[in-house]
Colleague: 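Dumping the structure here so I can ask a few things about it.
Chain letters run A, B, ... following the sequence lines, proteins first and then strands; every chain starts at 1. Values in this document were obtained by computation on a predicted structure and should not be read as measured data.
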Amino acid sequence: MTAAVDLPTPTLSGRPPARSGGARAMVLRNVMIYRHTWPLLAAEVFEPVLYLVSFGIGIGALVGHVPGTAGTGEGAVRYPQFVAPALLATAAMNGAMNETTFNMFGKLRTDRTYESILTTPMTVWDVALGETCWALLRGALVTAGFLLVVLALGLVGSAWALLVLPSALLIGFAFASLGLLVVTLLRNWQDFQLIQLVMLPMFLFATTFYPLGVYPRPVQLLVECLPLYQSIELLRQPFLGQVGPALLVPAAYLLVFGTASLAVALRRLETTLRG
Amino acid sequence: MPPQPLVTARRLRKVYGKPGAREFTAVDGIDFEVRRGEAFGLLGANGAGKSSTMRMIACVSPVSGGDLTILGRDAATDGPAIRARLGVVPQDDTVDTELTVRENLLIYGRYFGLSKVEVRRRAAELLEFARLTEKADESVGALSGGMRRRLTIARALVNSPDIVLLDEPTTGLDPQARHLLWERLFQLKREGVTLLLTTHYMDEAEQLCDRLVVMDSGRIVAEGAPAELISRYTTREVVELRLTDGDRATYGDELRSLVARFEDLADRLLLYTDDGEDVLSRAHATGARPITALVRRSTLEDVFLTLTGRSLVD
C-alpha cells in the first residue's frame with residue numbers, strides 16, 4: 001500500500017479537515033429551510049386543534065364522561081381530556097412521518113438533493129440519521145405547540161402530562177423511521193394515496209375517539225398491534241395521571257418498531273443512493 | 001521518485017444490473033493516470049462510459065472491478081476520506097432549490113465539517129469567484145443556466161479540493177455562458193487545481209485539457225495531448241464538401257481516390273489531406289460542383305471519427 005499524498009493543497013485557501021459534517025449538518029440544513037417556512041409548522045399545530053374543538057369539545061358536550069375509564073362522578077375522565085392525548089400522539093406521528101415521506105420523496109427522486117450531499121464526506125447513514133433526528137424534533141415541536149393549546153383550554157389535569165414531551169420524541173422516532181422505510185418503497189406521487197389508505201383508518205380506529213373496550217376481543221388484539229395505538233397509550237396514561245410500569249410496554253414497542261424500521265430503511269437507502 | 005499521480009485506474013470496470021441476464025458493462029477495463037496540476041479530459045459520445053468513470057472517481061458509485069487509487073487511497077474502502085478532498089460538479093445542477101444562493105454554499109461547507117466562521121468566509125470568496133455576489137440572497141430558482149452552473153462549481157470549491165471533477169461542464173449553456181465558465185476554469189488551473197472533466201465537445205476538450213483519453217463503448221481507444229492525438233490519428237487538414245445527391249453519386253468514387261482517407265457522412269464528405277488547397281482544386285477539377293466547400297485544420301472531432309467511425313455529437 002502507498003501512503004496518502006500529503007502535499008500542500010494547491011487551492012484558493014487553507015486545508016479543510018477531512019471529515020463529515022455528520023447528521024448534525026443534515027439537521028442544520030432543515031433549520032435553514034424552516035427559517036423561511038416556519039408558518040408551515042404553525043399550520044401543523046392548527047390541525048389537531050381543529051379536531052380537538054370539533055370532537056373533543058363539540059361531541060364531548062354530548063358524551064360528558066368516558067364510560068369504562070374510572071367510573072362516573074369526580075374521578076371520571078371528561079371526553080376532551082380523553083381525546084386530547086390521542087390527538088397529541090397523532091400530531092407527533094404526522095409531523096414526523098410527513099417529514100420523512102412527503103418532504104424526503106422530492107429530495108430523493110425529483111430534486112436529487114441527496115445525490116449532491118453524498119458527493120461530500122457525508123454518508124448515507126449521516127443523511128438518514130440527520131433526517132430522522134430532524135423529523136422527530138419537528139414532531140416534538142408540533143406536539144409542544146399543541147400541548148400549550150391543550151393547557152390553555154384547561155384540559156391538563158396532572159403534572160405527569162409533562163411526560164408527553166419525551167414520549168412525543170419516541171413517537172417521532174418510530175414514525176420518522178417508518179416514513180424513511182416507506183419513502184424507499186414509493187415509486188411516484190400517486191403512491192402517497194396508499195399511505196393515506198393506511199394512515200386514515202389507523203387514525204380513526206386506534207382508540208383515538210373511544211376506548212379499546214368498545215371492540216370485541218379479537219378486534220382489540222388487532223388494534224393493540226397498531227403503532228398509533230401504542231403511541232396513544234404512551235401519552236394518554238400519564239396525561240390522565242396514571243403512571244406505572246405499564247408505560248414500559250408501549251415505550252418498548254415504539255423503540256423496537258423504530259429501530260427495526262430504521263435498520264431496513266438504511267439498507268434500502270444505501271442501494272437506492274449508491275448505485 | 002517521480003511525483004505520485006493523483007488518480008490511478010487499473011483495469012477499472014463498472015457493471016450495472018444483476019450478473020447474468022440484465023448485466024450491462026458501462027466501463028470495460030480502463031487504465032489511466034491523472035497527474036497533479038493538469039487538466040485531464042475524458043472525451044467520448046453519450047454512453048461511452050465517461051459519467052460512470054467519473055462517478056467511481058467521485059466515490060459515489062462502487063467500483064465493480066480493477067483498482068482505483070485516488071490521492072493515495074483506495075476508492076473501494078476510503079470513500080469519505082477521499083470525498084473530503086474532491087470537488088464534484090455533476091452533470092445536472094443539483095443545487096439545493098429550497099435554499100438561497102449563499103445558503104447553498106454555507107450548508108455545503110457544513111457537510112465537509114467546516115466551522116460556521118470558516119464557511120461564511122469561504123462563501124463570500126466563492127460568491128465573488130463565481131460572480132454571484134449580487135445574487136447571494138436570492139432563491140436559486142432566479143438564476144440563469146450559466147449562473148446555476150457557476151454556483152455548482154463554487155459549491156464544489158468550498159472545501160478547497162485537490163481535484164475538481166466536472167461532468168459535461170458546459171452542456172446546455174449558451175456560447176457566452178460557456179466562455180465565462182471556461183475562463184473561471186482556467187483561473188482554477190492557474191491556481192494549480194487539478195481538473196478532471198468529461199465532455200463530448202471537442203472544442204472544450206481542446207481548450208481546456210492538457211491531456212485526454214478518448215472513450216468508446218466503455219474502453220479507452222486513445223490517450224495523449226490534444227495536439228498529439230490530432231497529429232497521430234489524422235492529417236493536418238480536412239476538406240469538407242457538401243454535394244447534391246446527383247453529384248455525390250457521379251463523383252463520389254473519383255473524389256475518394258484523391259485522398260488516402262475519406263469519410264462519407266450523411267450531410268457531407270470529408271477528405272483528409274496535408275494540403276487542403278491542393279485537394280480542393282483537384283476536387284473542382286473532377287467536375288463536381290459542391291454546394292459548399294471548406295478547408296479547415298483537423299480537430300479532435302476528426303480523431304474521434306477516425307477511431308470510432310462515428311461522430312461525437314449526434
Colleague: Going through the checks in order, is the side chain to side chain contact (heavy atoms under 4.5 Å, CB included) test met by E98(B) and R29(A)?
Modeller: CA-CA 10 Å; E98(B) 295 180 90; R29(A) 175 184 178 275; 3.0 Å; yes
Colleague: Please classify the contact of T113(A) with chain B as side chain, backbone, both or neither, using a heavy-atom distance under 4.5 Å.
Modeller: side chain
Colleague: Is it the side chain or the backbone of I107(B) that comes within 4.5 Å of chain A heavy atoms, both, or neither?
Modeller: both
Colleague: For Y108(B) and T119(A), does a side-chain donor sit closer than 3.5 Å to a side-chain acceptor?
Modeller: yes
Colleague: More than 12 heavy atoms of other residues, nucleotides or ligands under 6.0 Å from CZ of R10(B): is that the case?
Modeller: yes
Colleague: Check salt bridge (Lys or Arg N to Asp or Glu O under 4.0 Å) between R148(B) and all other residues, then give those that pass, not counting sequence neighbours.
Modeller: none
Colleague: Hey, what do you get for CD1 (I117(A)) to CG (D96(B)), rounding to the nearest 0.5 Å?
Modeller: 6.5 Å
Colleague: Taking all non-hydrogen atoms of both residues, which atom of R83(B) and which atom of P121(A) are closest, and how far apart?
Modeller: NH2-O, 3.7 Å
Colleague: For atom CD of E183(B), decide whether the heavy atoms of other residues, nucleotides or ligands shown that lie under 6.0 angstrom number more than 12.
Modeller: yes
Colleague: Please assess D92(B) against E115(A) for the test side chain to side chain contact (heavy atoms under 4.5 Å, CB included), listing each intermediate value before the final yes or no.
Modeller: CA-CA 11 Å; D92(B) 328 288; E115(A) 276 180 40; 5.8 Å; no
Colleague: Taking atom CZ as the centre, does F46(A) end up with more than 12 heavy-atom neighbours from other residues, nucleotides or ligands that are less than 6.0 angstrom away?
Modeller: no
Colleague: Do the non-hydrogen side-chain atoms of E103(B) and H36(A) ever get within less than 4.5 Å of each other?
Modeller: yes
Colleague: Partners of R24(A) by side-chain hydrogen bond (donor to acceptor under 3.5 Å, both in side chains), sequence neighbours excluded?
Modeller: none
Colleague: Would you say R112(A) and P90(B) make side-chain contact, with heavy atoms under 4.5 Å?
Modeller: no
